[in-house]
Amino acid sequence: MKLTSLLERMTYTLEQGNIDKEITTLVYDSRKVEEGSIFVCMKGAVFDGHQFAGQVCEAGATAIVVQDDVKVPESVTVIRVDDTRLALAELSAAYFGHPAERIKTIGITGTKGKTTTTYMIKSILEQAGFRVGLIGTIETIIGAEHIPAVNTTPESYIVQESFKRMVDAGIDIVVMEVSSQGLMLHRVAGFVFDIGIFTNLEPDHIGPNEHASFEEYLACKSKLFSQCMLGIVNADDVHTKELLKGHTCKVETYGFSEDAMLRATDVKLITGKGFLGTSYHVKGLLDCEIETRVPGRFSVYNSLTAVAVCRHFHVPEDKMKVALLQAKVKGRIEMIPVSDDFTLMIDYAHNAMSLESLLSTLREYEPGRLVCLFGCGGNRSKLRRYEMGEVSGKMADLTIITSDNPRNEQPQAIIDDIKIGMAKTEGKYVEIADRKEAIRYAIENGKPGDVIVLAGKGHEDYQEINGVKHHMDERELIAEILEELKDK
(Lines give C-alpha, C1' and ligand atoms only; values in the text may rest on other atoms or scores of the structure.)
Protein backbone atom coordinates (compact mmCIF):
# COMPACT_ATOMS: atom_id res chain seq x y z
CA MET A 1 0.00 0.00 0.00
CA LYS A 2 1.19 3.50 -0.80
CA LEU A 3 1.91 5.82 2.12
CA THR A 4 0.00 8.52 0.25
CA SER A 5 -3.14 6.35 0.44
CA LEU A 6 -2.73 5.78 4.16
CA LEU A 7 -2.44 9.51 4.80
CA GLU A 8 -5.10 10.86 2.47
CA ARG A 9 -7.79 11.47 5.12
CA MET A 10 -5.40 12.63 7.87
CA THR A 11 -4.19 16.01 9.10
CA TYR A 12 -0.39 15.89 9.40
CA THR A 13 2.89 17.66 8.78
CA LEU A 14 5.64 16.05 6.69
CA GLU A 15 8.76 16.78 8.74
CA GLN A 16 11.24 14.68 6.81
CA GLY A 17 11.46 12.50 3.73
CA ASN A 18 8.71 11.84 1.18
CA ILE A 19 5.37 10.06 1.17
CA ASP A 20 5.68 8.38 -2.22
CA LYS A 21 6.65 5.07 -0.61
CA GLU A 22 5.34 1.54 -0.51
CA ILE A 23 4.35 0.41 3.01
CA THR A 24 4.45 -3.28 3.93
CA THR A 25 2.95 -3.21 7.43
CA LEU A 26 1.40 -0.77 9.93
CA VAL A 27 2.97 -1.33 13.36
CA TYR A 28 2.70 0.17 16.85
CA ASP A 29 4.70 -2.53 18.66
CA SER A 30 8.44 -1.97 18.05
CA ARG A 31 9.09 -5.72 18.22
CA LYS A 32 6.96 -6.30 15.11
CA VAL A 33 8.69 -3.84 12.79
CA GLU A 34 10.01 -5.28 9.52
CA GLU A 35 11.46 -3.92 6.29
CA GLY A 36 9.06 -1.32 4.87
CA SER A 37 6.94 -0.84 8.00
CA ILE A 38 5.37 2.41 9.12
CA PHE A 39 5.74 2.69 12.90
CA VAL A 40 3.40 4.77 15.09
CA CYS A 41 5.09 6.13 18.23
CA MET A 42 2.35 5.56 20.81
CA LYS A 43 2.52 6.94 24.33
CA GLY A 44 1.40 4.40 26.92
CA ALA A 45 1.30 4.18 30.70
CA VAL A 46 4.57 2.24 30.78
CA PHE A 47 6.32 2.75 27.42
CA ASP A 48 6.68 5.69 25.05
CA GLY A 49 7.11 4.57 21.43
CA HIS A 50 9.23 7.64 20.69
CA GLN A 51 12.02 6.01 22.72
CA PHE A 52 12.23 3.23 20.12
CA ALA A 53 12.42 5.48 17.03
CA GLY A 54 16.07 4.72 16.36
CA GLN A 55 15.63 1.01 17.01
CA VAL A 56 12.68 0.60 14.61
CA CYS A 57 14.55 2.44 11.86
CA GLU A 58 17.44 -0.01 12.23
CA ALA A 59 14.89 -2.83 11.97
CA GLY A 60 13.71 -1.51 8.59
CA ALA A 61 10.94 1.00 9.28
CA THR A 62 10.61 3.31 6.27
CA ALA A 63 8.32 5.85 7.96
CA ILE A 64 7.41 6.82 11.50
CA VAL A 65 4.52 8.82 12.95
CA VAL A 66 5.36 11.06 15.90
CA GLN A 67 3.95 13.76 18.13
CA ASP A 68 7.31 14.56 19.80
CA ASP A 69 10.76 15.30 18.35
CA VAL A 70 12.89 12.32 17.30
CA LYS A 71 16.23 11.88 15.52
CA VAL A 72 16.23 9.27 12.77
CA PRO A 73 18.15 8.75 9.48
CA GLU A 74 17.26 11.13 6.64
CA SER A 75 16.02 8.23 4.55
CA VAL A 76 13.16 7.65 6.97
CA THR A 77 9.95 9.62 6.45
CA VAL A 78 8.75 11.42 9.59
CA ILE A 79 5.05 12.30 9.86
CA ARG A 80 4.13 14.74 12.66
CA VAL A 81 0.61 14.68 14.17
CA ASP A 82 -1.01 16.17 17.25
CA ASP A 83 -1.95 12.78 18.72
CA THR A 84 -0.41 9.49 17.64
CA ARG A 85 -3.25 7.45 19.14
CA LEU A 86 -5.73 9.26 16.91
CA ALA A 87 -3.31 8.81 14.00
CA LEU A 88 -3.15 5.05 14.62
CA ALA A 89 -6.95 4.85 14.41
CA GLU A 90 -7.05 6.83 11.16
CA LEU A 91 -4.14 4.90 9.65
CA SER A 92 -5.68 1.56 10.70
CA ALA A 93 -8.98 2.44 9.04
CA ALA A 94 -7.14 3.26 5.80
CA TYR A 95 -4.79 0.25 6.08
CA PHE A 96 -7.75 -2.15 6.20
CA GLY A 97 -9.67 -0.31 3.47
CA HIS A 98 -12.17 1.57 5.67
CA PRO A 99 -14.19 -1.59 6.47
CA ALA A 100 -16.69 0.29 8.69
CA GLU A 101 -18.07 1.84 5.51
CA ARG A 102 -19.06 -1.65 4.29
CA ILE A 103 -20.76 -2.90 7.45
CA LYS A 104 -23.38 -1.41 9.79
CA THR A 105 -21.79 -0.41 13.11
CA ILE A 106 -23.55 -0.18 16.48
CA GLY A 107 -21.64 1.14 19.51
CA ILE A 108 -22.88 0.94 23.10
CA THR A 109 -21.49 3.04 25.94
CA GLY A 110 -22.55 3.39 29.58
CA THR A 111 -21.58 2.20 33.04
CA LYS A 112 -23.83 -0.86 33.13
CA GLY A 113 -25.70 -2.98 30.64
CA LYS A 114 -23.27 -2.85 27.71
CA THR A 115 -22.44 -6.55 27.61
CA THR A 116 -25.98 -7.88 28.02
CA THR A 117 -27.41 -5.39 25.55
CA THR A 118 -24.89 -6.30 22.84
CA TYR A 119 -25.86 -9.96 23.08
CA MET A 120 -29.59 -9.12 23.06
CA ILE A 121 -29.17 -7.02 19.91
CA LYS A 122 -27.13 -9.80 18.31
CA SER A 123 -29.80 -12.36 19.20
CA ILE A 124 -32.64 -10.28 17.72
CA LEU A 125 -30.81 -9.40 14.52
CA GLU A 126 -29.76 -13.00 13.94
CA GLN A 127 -33.34 -14.14 14.52
CA ALA A 128 -34.25 -11.78 11.67
CA GLY A 129 -31.64 -13.34 9.37
CA PHE A 130 -28.75 -10.88 9.67
CA ARG A 131 -25.17 -12.05 10.14
CA VAL A 132 -23.85 -10.23 13.21
CA GLY A 133 -20.36 -9.74 14.63
CA LEU A 134 -19.64 -8.67 18.19
CA ILE A 135 -16.79 -6.96 20.05
CA GLY A 136 -16.98 -6.70 23.82
CA THR A 137 -15.88 -7.44 27.36
CA ILE A 138 -16.16 -11.21 27.05
CA GLU A 139 -15.11 -11.89 23.47
CA THR A 140 -15.00 -10.89 19.84
CA ILE A 141 -17.27 -13.01 17.64
CA ILE A 142 -16.56 -13.32 13.91
CA GLY A 143 -18.79 -15.97 12.41
CA ALA A 144 -18.09 -19.22 14.26
CA GLU A 145 -14.87 -17.85 15.77
CA HIS A 146 -14.89 -16.67 19.40
CA ILE A 147 -11.79 -14.73 20.45
CA PRO A 148 -11.40 -14.06 24.22
CA ALA A 149 -11.23 -10.35 25.01
CA VAL A 150 -8.26 -8.51 26.53
CA ASN A 151 -9.95 -5.09 26.73
CA THR A 152 -13.64 -4.16 26.55
CA THR A 153 -12.75 -2.00 23.54
CA PRO A 154 -9.59 -3.25 21.78
CA GLU A 155 -6.85 -1.02 20.35
CA SER A 156 -7.94 0.80 17.16
CA TYR A 157 -5.79 -1.42 14.90
CA ILE A 158 -7.52 -4.53 16.32
CA VAL A 159 -10.95 -2.91 15.94
CA GLN A 160 -10.32 -2.15 12.26
CA GLU A 161 -8.74 -5.55 11.64
CA SER A 162 -11.82 -7.20 13.20
CA PHE A 163 -14.13 -5.08 11.03
CA LYS A 164 -12.19 -6.15 7.93
CA ARG A 165 -12.39 -9.82 8.90
CA MET A 166 -16.13 -9.42 9.49
CA VAL A 167 -16.62 -7.83 6.07
CA ASP A 168 -14.63 -10.66 4.46
CA ALA A 169 -16.78 -13.20 6.34
CA GLY A 170 -19.98 -11.70 4.93
CA ILE A 171 -21.17 -10.20 8.21
CA ASP A 172 -23.81 -7.48 7.85
CA ILE A 173 -23.73 -5.73 11.23
CA VAL A 174 -21.28 -5.40 14.12
CA VAL A 175 -22.39 -4.49 17.63
CA MET A 176 -19.68 -3.48 20.07
CA GLU A 177 -19.12 -2.21 23.58
CA VAL A 178 -17.49 1.20 23.64
CA SER A 179 -15.77 1.94 26.94
CA SER A 180 -14.92 5.42 28.20
CA GLN A 181 -11.25 4.42 28.03
CA GLY A 182 -11.75 3.33 24.44
CA LEU A 183 -13.23 6.71 23.57
CA MET A 184 -10.58 8.64 25.50
CA LEU A 185 -7.77 6.73 23.80
CA HIS A 186 -9.28 7.04 20.29
CA ARG A 187 -9.73 3.29 19.91
CA VAL A 188 -12.94 3.84 17.94
CA ALA A 189 -11.79 6.89 15.97
CA GLY A 190 -11.38 6.83 12.20
CA PHE A 191 -15.01 5.99 11.36
CA VAL A 192 -18.58 7.00 12.17
CA PHE A 193 -20.98 4.62 13.94
CA ASP A 194 -24.36 4.11 12.31
CA ILE A 195 -25.93 3.92 15.78
CA GLY A 196 -24.53 5.02 19.14
CA ILE A 197 -26.26 3.96 22.37
CA PHE A 198 -26.12 5.30 25.92
CA THR A 199 -27.33 3.00 28.72
CA ASN A 200 -26.63 4.86 32.00
CA LEU A 201 -23.90 6.61 33.95
CA GLU A 202 -22.73 6.06 37.53
CA PRO A 203 -19.55 7.09 39.36
CA ASP A 204 -17.18 4.32 38.32
CA HIS A 205 -13.74 3.92 36.73
CA ILE A 206 -12.52 7.01 38.59
CA GLY A 207 -8.93 6.65 39.79
CA PRO A 208 -5.22 7.07 39.07
CA ASN A 209 -5.14 4.63 36.15
CA GLU A 210 -8.53 5.48 34.67
CA HIS A 211 -10.39 8.82 34.76
CA ALA A 212 -9.27 11.79 36.86
CA SER A 213 -12.84 12.83 37.67
CA PHE A 214 -16.48 12.03 37.03
CA GLU A 215 -16.62 15.03 34.70
CA GLU A 216 -13.86 13.52 32.56
CA TYR A 217 -15.62 10.14 32.61
CA LEU A 218 -18.84 11.76 31.35
CA ALA A 219 -16.99 13.82 28.74
CA CYS A 220 -15.36 10.67 27.32
CA LYS A 221 -18.71 8.88 27.08
CA SER A 222 -20.22 11.89 25.30
CA LYS A 223 -17.66 11.63 22.47
CA LEU A 224 -19.68 8.79 20.97
CA PHE A 225 -22.52 11.18 20.12
CA SER A 226 -20.36 13.35 17.92
CA GLN A 227 -19.22 10.18 16.15
CA CYS A 228 -22.49 8.49 15.23
CA MET A 229 -25.37 9.19 12.86
CA LEU A 230 -28.15 8.19 15.27
CA GLY A 231 -27.95 8.33 19.06
CA ILE A 232 -30.33 6.18 21.11
CA VAL A 233 -30.19 7.32 24.74
CA ASN A 234 -31.74 6.54 28.12
CA ALA A 235 -34.30 9.27 28.81
CA ASP A 236 -34.39 8.39 32.53
CA ASP A 237 -30.71 8.93 33.32
CA VAL A 238 -30.00 12.25 35.04
CA HIS A 239 -26.78 12.67 33.03
CA THR A 240 -28.34 12.29 29.57
CA LYS A 241 -28.82 16.02 28.94
CA GLU A 242 -25.20 16.78 29.86
CA LEU A 243 -23.98 13.80 27.85
CA LEU A 244 -25.65 15.11 24.70
CA LYS A 245 -24.08 18.57 24.84
CA GLY A 246 -22.39 19.20 21.51
CA HIS A 247 -23.85 16.07 19.89
CA THR A 248 -23.99 15.96 16.10
CA CYS A 249 -26.34 13.00 15.67
CA LYS A 250 -30.09 12.53 15.45
CA VAL A 251 -31.45 11.48 18.87
CA GLU A 252 -34.06 8.96 20.01
CA THR A 253 -34.91 8.21 23.63
CA TYR A 254 -36.10 5.15 25.52
CA GLY A 255 -36.98 4.45 29.15
CA PHE A 256 -39.82 4.43 31.64
CA SER A 257 -40.63 8.15 31.62
CA GLU A 258 -43.64 9.52 29.74
CA ASP A 259 -41.48 11.68 27.48
CA ALA A 260 -39.39 8.74 26.27
CA MET A 261 -40.01 8.05 22.57
CA LEU A 262 -39.97 4.29 23.27
CA ARG A 263 -41.13 3.40 26.75
CA ALA A 264 -41.74 0.35 28.94
CA THR A 265 -45.04 0.22 30.83
CA ASP A 266 -46.87 -2.32 32.99
CA VAL A 267 -43.65 -4.05 34.08
CA LYS A 268 -44.13 -7.41 35.83
CA LEU A 269 -41.70 -9.79 37.51
CA ILE A 270 -42.06 -13.39 36.33
CA THR A 271 -41.14 -16.52 38.26
CA GLY A 272 -41.19 -19.88 36.50
CA LYS A 273 -39.75 -23.35 36.96
CA GLY A 274 -36.01 -22.75 37.36
CA PHE A 275 -36.04 -19.22 35.96
CA LEU A 276 -36.80 -15.59 36.76
CA GLY A 277 -37.77 -12.95 34.22
CA THR A 278 -39.73 -9.83 33.35
CA SER A 279 -42.55 -8.79 31.06
CA TYR A 280 -43.67 -5.35 29.94
CA HIS A 281 -45.62 -3.44 27.32
CA VAL A 282 -43.79 -1.24 24.82
CA LYS A 283 -45.44 2.04 23.84
CA GLY A 284 -44.47 4.98 21.66
CA LEU A 285 -42.48 4.18 18.53
CA LEU A 286 -43.68 0.56 18.82
CA ASP A 287 -46.66 -1.12 20.47
CA CYS A 288 -46.00 -4.68 21.60
CA GLU A 289 -45.54 -7.05 24.55
CA ILE A 290 -42.03 -8.18 25.54
CA GLU A 291 -40.93 -10.97 27.87
CA THR A 292 -37.38 -11.86 28.95
CA ARG A 293 -35.77 -14.70 30.87
CA VAL A 294 -33.50 -12.24 32.70
CA PRO A 295 -34.61 -10.83 36.07
CA GLY A 296 -34.81 -7.24 37.25
CA ARG A 297 -35.63 -3.71 36.19
CA PHE A 298 -32.23 -3.34 34.49
CA SER A 299 -33.13 -6.23 32.17
CA VAL A 300 -36.13 -4.19 31.04
CA TYR A 301 -33.76 -1.34 30.16
CA ASN A 302 -31.37 -3.69 28.35
CA SER A 303 -34.06 -5.41 26.29
CA LEU A 304 -35.86 -2.11 25.56
CA THR A 305 -32.57 -0.72 24.26
CA ALA A 306 -32.22 -3.74 22.00
CA VAL A 307 -35.77 -3.23 20.71
CA ALA A 308 -35.03 0.48 20.09
CA VAL A 309 -32.01 -0.46 17.97
CA CYS A 310 -33.46 -3.39 16.08
CA ARG A 311 -36.58 -1.59 14.90
CA HIS A 312 -34.21 0.44 12.68
CA PHE A 313 -33.39 -2.82 10.90
CA HIS A 314 -37.13 -3.49 10.38
CA VAL A 315 -37.13 -6.62 12.53
CA PRO A 316 -40.70 -7.94 12.91
CA GLU A 317 -42.10 -7.81 16.46
CA ASP A 318 -42.63 -11.57 16.64
CA LYS A 319 -38.94 -12.19 15.90
CA MET A 320 -37.93 -9.68 18.59
CA LYS A 321 -40.11 -11.52 21.11
CA VAL A 322 -38.67 -14.94 20.27
CA ALA A 323 -35.07 -13.66 20.34
CA LEU A 324 -35.44 -11.93 23.72
CA LEU A 325 -36.86 -15.09 25.27
CA GLN A 326 -33.79 -16.98 24.02
CA ALA A 327 -31.11 -14.33 24.63
CA LYS A 328 -28.47 -15.47 27.07
CA VAL A 329 -25.17 -13.91 28.11
CA LYS A 330 -22.46 -16.13 29.56
CA GLY A 331 -21.89 -15.18 33.19
CA ARG A 332 -24.43 -12.34 33.34
CA ILE A 333 -27.34 -13.62 35.46
CA GLU A 334 -27.03 -16.82 33.46
CA MET A 335 -29.73 -19.28 34.48
CA ILE A 336 -28.54 -22.88 34.65
CA PRO A 337 -31.38 -25.45 34.54
CA VAL A 338 -30.83 -27.71 37.54
CA SER A 339 -34.21 -28.16 39.22
CA ASP A 340 -37.83 -27.11 38.84
CA ASP A 341 -37.87 -26.45 42.59
CA PHE A 342 -35.20 -23.75 42.78
CA THR A 343 -33.37 -21.32 40.51
CA LEU A 344 -29.58 -21.48 40.03
CA MET A 345 -27.63 -18.78 38.23
CA ILE A 346 -24.06 -17.66 37.51
CA ASP A 347 -23.11 -13.99 37.63
CA TYR A 348 -19.91 -11.97 37.31
CA ALA A 349 -20.63 -9.76 40.38
CA HIS A 350 -17.17 -9.49 41.93
CA ASN A 351 -17.28 -6.34 44.04
CA ALA A 352 -19.59 -5.00 46.73
CA MET A 353 -21.48 -2.61 44.45
CA SER A 354 -22.28 -5.21 41.80
CA LEU A 355 -23.11 -7.87 44.41
CA GLU A 356 -25.48 -5.53 46.24
CA SER A 357 -27.20 -4.61 42.97
CA LEU A 358 -27.58 -8.28 42.05
CA LEU A 359 -28.91 -9.40 45.43
CA SER A 360 -31.36 -6.51 45.72
CA THR A 361 -32.69 -7.40 42.24
CA LEU A 362 -33.17 -11.03 43.23
CA ARG A 363 -34.81 -10.01 46.53
CA GLU A 364 -37.64 -8.40 44.54
CA TYR A 365 -38.72 -11.91 43.49
CA GLU A 366 -39.36 -12.84 47.13
CA PRO A 367 -37.45 -16.14 47.05
CA GLY A 368 -37.91 -18.78 49.71
CA ARG A 369 -34.24 -18.25 50.48
CA LEU A 370 -31.62 -16.16 48.73
CA VAL A 371 -28.36 -18.11 48.71
CA CYS A 372 -25.14 -16.41 47.69
CA LEU A 373 -21.95 -18.34 46.92
CA PHE A 374 -18.82 -16.29 46.35
CA GLY A 375 -15.12 -15.83 47.05
CA CYS A 376 -12.64 -13.01 46.47
CA GLY A 377 -9.48 -12.75 44.41
CA GLY A 378 -6.04 -13.03 45.95
CA ASN A 379 -3.44 -10.25 45.69
CA ARG A 380 -6.25 -7.69 45.69
CA SER A 381 -7.61 -5.20 48.22
CA LYS A 382 -8.74 -6.71 51.52
CA LEU A 383 -11.37 -3.98 51.68
CA ARG A 384 -13.25 -5.67 48.85
CA ARG A 385 -13.40 -8.85 50.91
CA TYR A 386 -14.78 -7.08 53.97
CA GLU A 387 -17.34 -5.20 51.89
CA MET A 388 -18.55 -8.24 49.95
CA GLY A 389 -18.82 -10.25 53.16
CA GLU A 390 -20.91 -7.51 54.74
CA VAL A 391 -23.18 -7.14 51.69
CA SER A 392 -23.87 -10.86 51.44
CA GLY A 393 -24.32 -11.17 55.20
CA LYS A 394 -26.97 -8.46 55.17
CA MET A 395 -28.80 -9.43 52.00
CA ALA A 396 -28.58 -13.23 51.61
CA ASP A 397 -30.32 -15.78 53.80
CA LEU A 398 -27.31 -18.04 53.46
CA THR A 399 -23.80 -17.25 52.27
CA ILE A 400 -21.48 -19.99 51.04
CA ILE A 401 -17.95 -18.59 51.26
CA THR A 402 -15.55 -20.30 48.88
CA SER A 403 -12.52 -19.68 46.69
CA ASP A 404 -12.33 -17.46 43.61
CA ASN A 405 -8.88 -16.81 42.08
CA PRO A 406 -6.61 -17.16 45.13
CA ARG A 407 -3.56 -16.30 43.00
CA ASN A 408 -0.57 -16.25 45.38
CA GLU A 409 -2.57 -16.20 48.61
CA GLN A 410 -3.91 -19.04 50.71
CA PRO A 411 -7.64 -19.57 50.07
CA GLN A 412 -8.33 -19.85 53.78
CA ALA A 413 -6.70 -16.47 54.47
CA ILE A 414 -9.03 -14.86 51.93
CA ILE A 415 -12.05 -16.63 53.44
CA ASP A 416 -11.04 -15.37 56.89
CA ASP A 417 -11.00 -11.80 55.55
CA ILE A 418 -14.49 -12.24 54.07
CA LYS A 419 -15.68 -13.48 57.46
CA ILE A 420 -14.54 -10.18 59.04
CA GLY A 421 -17.17 -8.44 56.91
CA MET A 422 -19.72 -11.16 57.63
CA ALA A 423 -19.17 -10.63 61.37
CA LYS A 424 -20.72 -7.15 61.07
CA THR A 425 -24.02 -8.84 60.18
CA GLU A 426 -26.22 -11.58 61.56
CA GLY A 427 -26.06 -13.48 58.29
CA LYS A 428 -25.73 -17.26 58.30
CA TYR A 429 -22.83 -18.76 56.39
CA VAL A 430 -20.84 -21.89 55.69
CA GLU A 431 -17.28 -21.98 54.40
CA ILE A 432 -16.13 -24.52 51.82
CA ALA A 433 -12.82 -23.62 50.21
CA ASP A 434 -13.11 -26.00 47.24
CA ARG A 435 -15.40 -24.24 44.76
CA LYS A 436 -16.80 -27.44 43.24
CA GLU A 437 -17.66 -28.78 46.67
CA ALA A 438 -19.22 -25.44 47.59
CA ILE A 439 -21.43 -25.63 44.48
CA ARG A 440 -22.30 -29.24 45.31
CA TYR A 441 -23.40 -28.11 48.79
CA ALA A 442 -25.60 -25.38 47.27
CA ILE A 443 -27.30 -27.82 44.88
CA GLU A 444 -27.73 -30.66 47.38
CA ASN A 445 -29.22 -28.28 49.93
CA GLY A 446 -31.42 -26.31 47.53
CA LYS A 447 -35.00 -25.96 48.79
CA PRO A 448 -38.23 -25.20 46.94
CA GLY A 449 -38.41 -21.50 46.11
CA ASP A 450 -34.69 -20.86 46.63
CA VAL A 451 -32.73 -18.54 44.38
CA ILE A 452 -29.05 -19.55 44.37
CA VAL A 453 -26.43 -17.32 42.79
CA LEU A 454 -22.84 -18.32 42.11
CA ALA A 455 -21.11 -14.93 42.08
CA GLY A 456 -17.71 -13.73 40.98
CA LYS A 457 -16.55 -16.00 38.17
CA GLY A 458 -19.18 -15.25 35.55
CA HIS A 459 -17.83 -15.95 32.06
CA GLU A 460 -14.37 -16.92 33.32
CA ASP A 461 -13.38 -20.52 32.63
CA TYR A 462 -10.30 -20.73 34.83
CA GLN A 463 -9.08 -20.49 38.41
CA GLU A 464 -5.73 -18.85 39.02
CA ILE A 465 -3.63 -20.55 41.71
CA ASN A 466 0.01 -19.64 42.40
CA GLY A 467 0.40 -17.91 39.04
CA VAL A 468 -1.08 -20.80 37.03
CA LYS A 469 -4.49 -20.67 35.37
CA HIS A 470 -6.29 -23.99 35.77
CA HIS A 471 -9.34 -24.74 33.61
CA MET A 472 -12.50 -24.37 35.67
CA ASP A 473 -15.87 -23.58 34.16
CA GLU A 474 -18.77 -23.47 36.61
CA ARG A 475 -21.16 -24.80 33.97
CA GLU A 476 -19.00 -27.89 33.65
CA LEU A 477 -18.73 -28.22 37.43
CA ILE A 478 -22.52 -28.12 37.73
CA ALA A 479 -22.91 -30.77 35.00
CA GLU A 480 -20.34 -33.01 36.74
CA ILE A 481 -22.08 -32.60 40.10
CA LEU A 482 -25.50 -33.43 38.64
CA GLU A 483 -24.04 -36.54 36.99
CA GLU A 484 -22.37 -37.60 40.23
CA LEU A 485 -25.58 -37.07 42.21
CA LYS A 486 -27.43 -39.32 39.74
CA ASP A 487 -25.10 -42.18 40.62
CA LYS A 488 -25.68 -41.91 44.35
Supply the atom-to-atom distance [X] [atom1] to [Y] [atom2], rounded to the nearest 0.5 angstrom.
X: I443; Y: I452; atom1: CD1; atom2: CD1; answer: 7.5 Å
X: R363; Y: E356; atom1: CZ; atom2: CD; answer: 12.5 Å
X: I108; Y: I197; atom1: CD1; atom2: CD1; answer: 4.0 Å
X: Q463; Y: D404; atom1: CD; atom2: CG; answer: 7.5 Å
X: R380; Y: N351; atom1: CZ; atom2: CG; answer: 13.0 Å

Output field: ring centroids Y462/H470 closer than 6.0 Å: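 Between Y462 and H470, the centre distance exceeds or equals 6.0 Å.
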Ring centres under 6.0 angstrom apart (H50, F52):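 Not close enough - the centres of the two rings lie 6.0 Å or further apart.
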Side chain to side chain donor-acceptor pair (under 3.5 Å) evaluation trace for T292 with T278: CA-CA 5 Å; T292 75; T278 59; 2.8 Å; yes
Among T153, T152, T109, T115, side-chain hydrogen bond (donor to acceptor under 3.5 Å, both in side chains) partner for E177: T115
Pair [X] + [Y]: basic N to acidic O under 4.0 Å:
X: R80; Y: D69; answer: yes
X: E390; Y: K394; answer: yes
X: K447; Y: D450; answer: no
X: R165; Y: E161; answer: no
X: R475; Y: D473; answer: yes
X: D434; Y: R440; answer: no

From L6, L26, V81, residue fulfilling side-chain contact (heavy atoms from CB on, under 4.5 Å) relative to V65: V81
Pair R332-H459, side-chain donor/acceptor within less than 3.5 Å: yes
Aromatic plane relationship, F96 with Y157 - under 30° parallel, 30 to 60° tilted, over 60° perpendicular: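 Ring orientation of Y157 relative to F96: perpendicular.
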Test item: I38 and I64 side chains (from C-beta on) under 4.5 Å apart, heavy atoms: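 Contact flag for I38/I64 side chains = no.
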